[in-house]
2 protein chains.
Amino acid sequence: MAARTDLRDDIIRVAGELFMQQSYAATSIKQIAKAAHCTTAALYYYFEEGKEGILRQVIDVAMPNLVGYLEPLRDVTSLHDLVVRLGLTLWESGEAILQRTRWLMVEFPNLGEAERARLHTTLLQFQKRLADLIQPFVASRQDAEATAWVLYSAIFGYGQLFVTLDLQSAVEPPNEQFVYALADMIGSSGK
Amino acid sequence: MAARTDLRDDIIRVAGELFMQQSYAATSIKQIAKAAHCTTAALYYYFEEGKEGILRQVIDVAMPNLVGYLEPLRDVTSLHDLVVRLGLTLWESGEAILQRTRWLMVEFPNLGEAERARLHTTLLQFQKRLADLIQPFVASRQDAEATAWVLYSAIFGYGQLFVTLDLQSAVEPPNEQFVYALADMIGSSGK
DNA sequence: GTCTATACCCCGATAGAC
DNA sequence: GTCTATCGGGGTATAGAC
């Protein structure tokens, strides 16, 4: 670890880790200061609004860039292909996203209007982009939108059940069966 | 409100409400005492383990009885029928369940081994029961199980997106389109 | 910019009166 | 059974030295 050049960034980083592990309410500024190797007074130098100011910065950084996961899927050749590749991609690299989404869900009641609006925009962008990818394989835009919601909900719900609620520790997670079953269903609904 | 006959039940009830609104960590026993119209000393009379003891009782009460929602669906005549009726049923009366599930998700890191195991059992029972209902309409038990996971994940994820993350305040929720799109996909995968 | 020292409050918990 | 009174500790936040 190099000599500290930017304490402010360190604070946001370690505060983010603590918030996600323990929730905002359960994390004290003394903990944050200790983890960032400074004192609470230093926190107040960078964040005049105190703990809430830190939270706002952490939320900014935590907003998931879901749309990025869809870029590599622009060349899919069928609905079945799309679902399978999206499922496998998310399964490989989606734990970080799930973590952050879980956290945003936990803190949702603490979020201000502006942050809620940003989160909604992010979620809706993903659904629209997903509908764009689905559109070539279905009859209408309305079908594409509805199919996108189903796909989104299923993947999201599966992640919440098996990762966030840790069902994967209780039963062997049916990852492949799930993805292929979903792909069969969605794929067979195309034109 | 009648004269208090059972302070203990009152404590569990109001503590549950506070925990679900604010999370366990953010709720103090002084708040609980005030809401239950008693002092903190009285809490310790009923709950020797203090705040954690109260949490355990609240969790007991909060465990969602998901399986109950499936009882009225024993006479479905097709997969399509099953999905539509389950979707509509949950949409009518499922907010309370979603609330409690959201809360269990928030508190999951605080849960002990025993509570986690009970939660997992509850979730898995629902999936098995769902697979039982699906089985007559598909080729194998394995298909029924996989379909049950897809259905469960989709409904669960949809609820989390639109209710817990309050997407319903940002866009008109596509409830009917969603249910019928899901029913078409799952229904067309039967035998 | 970062620290020491401290103010003031609410936290969870308990002893002992009634 | 329920209360009053209180303890020790950790919470957020700040003033002022360096």
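Each chain gets a letter, A, B and so on, in the order its sequence line appears, and its residues count up from 1.
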**Q** side-chain hydrogen bond (donor to acceptor under 3.5 Å, both in side chains): which pairs involve residues 85-97 of chain B, sequence neighbours left out?
**A**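 side-chain hydrogen bond (donor to acceptor under 3.5 Å, both in side chains) check on residues 85-97 of chain B returns B:Asp75-B:Arg85.
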**Q** Using only side-chain N and O atoms of B:Tyr45, determine if any of them is under 4.0 Å from OP1 or OP2 of D:dC3.
**A**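 For D:dC3, OP1/OP2 do not have a side-chain N/O of B:Tyr45 under 4.0 Å.
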**Q** Ignoring hydrogens and geometry beyond distance, is a side-chain donor-acceptor pair present between A:Gln160 and A:Arg102 at under 3.5 Å?
**A**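 No, A:Arg102 and A:Gln160 have no side-chain donor paired with an acceptor closer than 3.5 Å.
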**Q** Given the rule in the side chain to side chain contact (heavy atoms under 4.5 Å, CB included) test, do B:Tyr45 and B:Arg8 qualify, once you have shown the distances and angles that lead to the verdict?
**A** CA-CA 9 Å; B:Tyr45 174 78; B:Arg8 191 171 190 279; over 6 Å; no
**Q** Quick one: does B:Glu115's side chain have a donor or acceptor within less than 3.5 Å of a partner on B:Gly112's backbone?
**A**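 Judged by distance alone, yes, a pair lies under 3.5 Å.
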**Q** Rounded to the Å, how far apart are B:Leu43 CG and D:dG1 P?
**A**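 After rounding, the gap between these two atoms is 16 Å.
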**Q** Would you say the side-chain atoms of A:His120 pair up with the backbone N or O of B:Asp166, donor to acceptor, closer than 3.5 Å?
**A**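 A pair under 3.5 Å: yes.
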**Q** Using atom types as modelled and distance alone, determine if a side-chain donor or acceptor of B:Glu107 lies under 3.5 Å from a backbone N or O of B:Tyr24.
**A**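 Such a contact is found between B:Glu107 side chain and B:Tyr24 backbone.
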**Q** B:Asp10 has an atom CG; how far is it from atom C1' of D:dT2, in whole Å?
**A**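 Rounded to the whole Å, the gap is 14 Å.
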**Q** Set out, line by line, the N/O atom pairs under 3.5 Å between protein and nucleotides 12-16 of chain C.
**A**
residue: C:dG12; atom: OP1; partner: B:Ile29; partner atom: N; Å: 3.3
residue: C:dG12; atom: OP1; partner: B:Lys51; partner atom: NZ; Å: 3.2
residue: C:dG12; atom: OP2; partner: B:Ile29; partner atom: N; Å: 2.7
residue: C:dA13; atom: OP2; partner: B:Tyr44; partner atom: OH; Å: 2.2
residue: C:dA13; atom: OP2; partner: B:Lys51; partner atom: N; Å: 3.4
residue: C:dA13; atom: O5'; partner: B:Tyr44; partner atom: OH; Å: 2.8

**Q** What is the distance, rounded to the nearest whole Å, between atom NZ of B:Lys34 and atom C1' of D:dC3?
**A**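 Rounded to whole Å, this separation is 17 Å.
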